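Some notes on the structure that comes next.
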Amino acid sequence: MQNFINQLSQVLEKKYILTQDEDKAPYLTDWRKRFTGKAFAVLLPSTSNEVAAIVKLCAQYQIALVPQGGHTGFCGGATPDNSGKQVILNLKRMNQIREIDIANQTITLEAGCILQSAQEKAAENGYLFPLSLGAEGSCMIGGNLATNAGGTNVLRYGNTRDLCLGLEVVTAKGEIWNGIKGLRKDNTGYDLRDLFIGSEGTLGIITAAVMKLYPLPVSQWTTLVACENIASTIALLTLFQKRANSLLTGFEMMTRESLNLNEKHFPQMANPLQGNPPYTVLIELSDHESEEHVRQLLETILEDAFEKSIISDAVIASNLTQANSFWHMREHITLAQAEEGANLKHDITIPLSSLDSFIRETDELMREKFPGVRIINFGHLGDGNLHYNIAPPLGTDPKTFNETNEKLIHELVYGQVERCKGSISAEHGVGQLKLDDLRGHKGEVAHDLMKMLKTALDPQNILNPHKVVSI
Ligand SMILES: Cc1cc2nc3c(=O)[nH]c(=O)nc-3n(C[C@H](O)[C@H](O)[C@H](O)COP(=O)(O)OP(=O)(O)OC[C@H]3O[C@@H](n4cnc5c(N)ncnc54)[C@H](O)[C@@H]3O)c2cc1C
């Protein structure tokens, strides 16, 4: 190991090679505090060449690397194992915005750029970088790409994958693949870019990316709407999709239980809808035509929804501050859950046509088998994405409850997901959390293909081993 460190110090200044426990500590525990690992060192490179040189050295000494961005992931993908033999490669110093190309409507970002900085840079230039999620103040573009993050704008603009045109990646051999191209068409054989996106650091290290920009909307209207049941929220989505089409940019569902939790931990986030209804839906319309046009459209659709008895109440944000407060309410649910203590998360997708039966049946089974559990159910409903989270009964020690029931609760939820032909990971990835669940979910053929890809691209298994697939 000493030889490795000696050679490393020819690549990186000593202050960017962290080996002391107190220096390494902030990089070892994930955001949810579910996983804590040990690392031999934390490395902080600032260029792609430095990353490539580090990977070459790791390949030479057969040392495993754990790529890390903002460390906000929910599946323990950026946390090392307990061996103390792995190194963390944190990319936060690679935070340059390399280029904004207005004619091409693209922005080229290094992997360590904080998502919010990318959004701000785009806005300064009159453009929208639409990727948006609760962790945007600390997650990084490399992490967003590696997890194919979703967030609140997927309905209109797609996942991170859909926003990416080109990548620069350091391979397991320590070579730099330069795929930094801003092309919307490129049918030159296998799509390497798509292979690395969503691979959670197991196939290569993303060092930079070309991302799409969009014109900034001239007007946005945000509303909170009350629905009595999940069937009505789906009917409302159908109505908005039909009538507003691509002007619909947000459709988020929050249950009464999730907003009660918000209010308990963040009283300023109280639901402005009277009586905190069973389902609150946050809807956003964005328009490039005029303020007037979109406001009228929103009012007409809401009137229609009232007439059809799909909704029972609605509040339209009267200004930007109020619109932001609606979004903050949605984003604070995750934080309120963290304040409440450990809970069991399920980030799932269900086809919208099966969502009603999924929720009704899963809720019923859950309450029957685990009396008193609190179902904290919310999500990006427009994408069929539910965060179906289970908090222990009040007065129960979360640690003991989770240790006893975690496996059974996951089996119940994932069994229902399979029945509905859904996915056990909508947007958070697999990491180490869902490693064991993946095989059964993907099926043998898909799982074997994934293992073959991993073996082909990383034969020494040094890139984030035992995350996503084990070989
Ligand atoms: C409050 C909150 C709200 C959230 N909301 C959402 C949401 O709405 N939608 C959503 O999808 N996620 C959400 N997340 C989860 C998380 O923010 C995303 O998964 C995000 O994309 C992770 O980015 P990161 O930079 O923190 O990556 P990290 O957590 O550091 O890493 C995640 C994975 O990517 C790998 N990785 C990181 N950087 C690189 C790189 N440069 N090259 C190769 N591999 C790399 C890591 O090894 C790890 O496997 C939320 C998290 C929080 C805390």
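Keep in mind that this is a model prediction, so the values were computed, not measured. We count ligands from 1, going down the list as the structure has it; atoms in each ligand are counted the same way.
- No hydrogens or angles considered: a donor-acceptor pair under 3.5 Å links the side chains of His380 and Glu427.
- In summary, the side chains of His71 and Thr79 do present a donor paired with an acceptor at a separation below 3.5 Å, with no hydrogens or angles considered.
- Between Gly204 and ligand 1, no pair of N/O atoms sits closer than 3.5 Å.
- With respect to atom 48 (C) of ligand 1, the closest heavy atom belonging to the protein is Gly77 C, 3.4 Å.
- Ligand 1 lies out of reach of Ser138, whose nearest heavy atom is not under 4.0 Å from it.
- Side-chain N/O atoms of Asp186 and Thr188 include a donor and acceptor closer than 3.5 Å.
- In this structure, Lys38 places its NZ atom where only 12 or fewer heavy-atom neighbours from other residues, nucleotides or ligands lie under 6.0 Å away.
- Remark: ligand 1 and Leu91 share no N or O pair separated by less than 3.5 Å (distance only, no angle test).
- A salt bridge links Arg34 to Glu406: at least one charged side-chain nitrogen sits closer than 4.0 Å to a carboxylate oxygen.
- Taking distance alone, with nitrogen or oxygen atoms compared against 3.5 Å, Ile205 stays at or beyond that limit from ligand 1.
- Salt bridge annotation for Glu340-Lys264: present, with a cationic side-chain nitrogen under 4.0 angstrom from a carboxylate oxygen.
- Closest to atom 28 (P) of ligand 1 among all protein heavy atoms lies His71 N, 3.6 Å.
- Between Ile206 and ligand 1, an N or O atom pair is found at a separation short of 3.5 Å.
- Of all the heavy atoms of Thr160, none lies under 4.0 Å from any atom of ligand 1, so neither backbone nor side chain is involved.
- Counting only N and O atoms by type, the side chains of Thr280 and Asn271 include a donor and acceptor under 3.5 Å apart.
- Remark: ligand 1 and Gly70 share an N or O pair separated by less than 3.5 Å (distance only, no angle test).
- No side-chain donor-acceptor contact under 3.5 Å links Tyr16 and Glu50.
- Side chains of Ser48 and Glu168: a donor on one and an acceptor on the other come within 3.5 Å.
- In His380, the part holding a heavy atom less than 4.0 Å from any atom of ligand 1 is the side chain.
- In this structure, Arg156 does not pair ionically with Glu284, as no charged nitrogen and carboxylate oxygen lie closer than 4.0 Å.
- Looking at atom 12 (N) of ligand 1, its nearest protein heavy atom turns out to be His428 CD2, 3.6 Å.
- Proximity of Asn144 to ligand 1, defined as any heavy-atom pair under 4.0 Å, is shared by backbone and side chain alike.
- At under 3.5 Å, not a single nitrogen or oxygen of Gln68, backbone or side chain, sits near a nitrogen or oxygen of ligand 1.
- The closest approach between any non-hydrogen atom of Gly150 and ligand 1 is below 4.0 Å.
- Of all protein heavy atoms, the one closest to atom 22 (C) of ligand 1 is Thr72 OG1, 3.5 Å.
- Residue contacts with ligand 1: Met140 is placed with a nitrogen or oxygen under 3.5 Å of a nitrogen or oxygen of the ligand (distance criterion only).
- Proximity of Lys467 to ligand 1 is not established, as no heavy-atom distance is less than 4.0 Å.
- Polar contact check, Trp31 against ligand 1: no nitrogen or oxygen pair lies under 3.5 Å apart.
- Looking at Pro67 next to ligand 1, an N or O pair under 3.5 Å apart turns up.
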